[in-house]
Amino acid sequence: MLPPDFHWRSVASRPDGKDDAVLCDGTQVLRLSQRINAGSWFANLNTHRPLAEQRTYRECSSYEQGVIGAEMWINRHQDRLRAEIDRLRAERRSGKG
C-alpha cells in the first residue's frame, strides 16, 4: 500500500494495461519495466533525479513482486523522496535546474 500522496500510473503503452510507474505530486519516482527479449522485470528507482545523479536498478522476479518491492521501497523512502522533489522544484523555479 502506498502513502496517500503516491500513486501508481501507466506511463507506457502496454497491451496488458499494467501500471508501471509511481508518482508523487505528479513527479515520477519509480518505474517498472519489462525486458523485451527475456520478459523479466526490473525496477528503476529514483527516476526523479537527473541522469547524472544516482539512480538504482533492481531485478524483479515478476511484475507482482516488483509492485510489492516498489511499495515497500516507497514507504521506506517517502520522506526523502518528498524532500528531493521539493528541492528539485525550488531549483527549477530559481533557474538552477
Side-chain angles (χ1 to χ4, degrees):
M1 186 109 173
L2 291 172
D5 51 339
F6 290 83
H7 65 277
W8 282 99
R9 179 176 165 198
S10 178
V11 296
S13 298
R14 299 189 52 80
D16 56 16
K18 291 179 178 175
D19 289 336
D20 56 0
V22 176
L23 287 79
C24 176
D25 196 24
T27 299
Q28 180 180 293
V29 296
L30 180 143
R31 174 91 182 262
L32 289 179
S33 298
Q34 187 175 26
R35 288 186 176 78
I36 295 171
N37 53 354
S40 60
W41 288 86
F42 66 95
N44 184 356
L45 312 175
N46 297 309
T47 57
H48 60 289
R49 292 179 175 172
L51 286 174
E53 291 188 30
Q54 181 183 357
R55 290 187 179 185
T56 306
Y57 298 87
R58 296 283 187 260
E59 295 294 324
C60 307
S61 59
S62 67
Y63 171 79
E64 293 76 17
Q65 288 300 310
V67 168
I68 291 168
E71 292 182 354
M72 289 171 54
W73 181 81
I74 294 288
N75 278 289
R76 279 194 313 268
H77 296 276
Q78 61 182 301
D79 294 334
R80 176 186 58 82
L81 293 168
R82 287 185 195 102
E84 288 180 1
I85 290 168
D86 289 345
R87 179 184 53 83
L88 290 169
R89 286 196 175 136
E91 288 174 1
R92 285 187 203 117
R93 281 192 301 269
S94 70
K96 294 179 184 176

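In what follows, every heavy atom counts, from backbone to side chain, and hydrogens, waters and symmetry copies are set aside.
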Within the distance-only criterion (no hydrogens, no angle test), does the side chain of Thr47 pair as donor or acceptor with the backbone N or O of Leu30 below 3.5 angstrom?
yes

If only atom types and distance count, is the side chain of Asn75 paired as donor or acceptor with the main-chain N or O of Met1 below 3.5 Å?
yes

Taking every non-hydrogen atom, the tightest pair across [X] and [Y]:
{"X": "Ser10", "Y": "Asp19", "result": "N-OD1, 3.4 Å"}
{"X": "Cys60", "Y": "Gly66", "result": "SG-CA, 3.6 Å"}
{"X": "Gly39", "Y": "Gln34", "result": "O-NE2, 3.0 Å"}

Are more than 12 heavy atoms from other residues, nucleotides or ligands located less than 6.0 Å from atom CZ of Arg9?
no

Any non-hydrogen side-chain atom of [X] less than 4.5 Å from a side-chain atom of [Y]?
{"X": "Lys18", "Y": "Leu32", "result": "no"}
{"X": "Cys24", "Y": "Ile85", "result": "yes"}
{"X": "His77", "Y": "Leu45", "result": "no"}

Give me each pair satisfying ring pair (Phe, Tyr, Trp, His ring centres under 6.0 Å) with a member in residues 7-49, each pair once, sequence neighbours excluded.
Trp41-Tyr63

What is the distance from atom [atom1] of [X] to atom [atom2] of [Y], rounded to the nearest 0.5 Å?
{"X": "Arg92", "Y": "Arg87", "atom1": "CZ", "atom2": "CZ", "value": "9.5 Å"}
{"X": "Glu91", "Y": "Arg93", "atom1": "CD", "atom2": "CZ", "value": "10.5 Å"}
{"X": "Arg89", "Y": "Asp25", "atom1": "CZ", "atom2": "CG", "value": "4.0 Å"}

Are Leu23 and Leu2 connected in a single hydrophobic cluster, I mean Ile/Leu/Val/Met/Phe/Trp/Tyr linked by side-chain heavy atoms less than 4.5 Å apart?
no

Run the salt bridge (charged side-chain N to carboxylate O under 4.0 Å, His left out) test against Arg82 and tell me which residues pass, sequence neighbours left out.
Asp5, Asp79

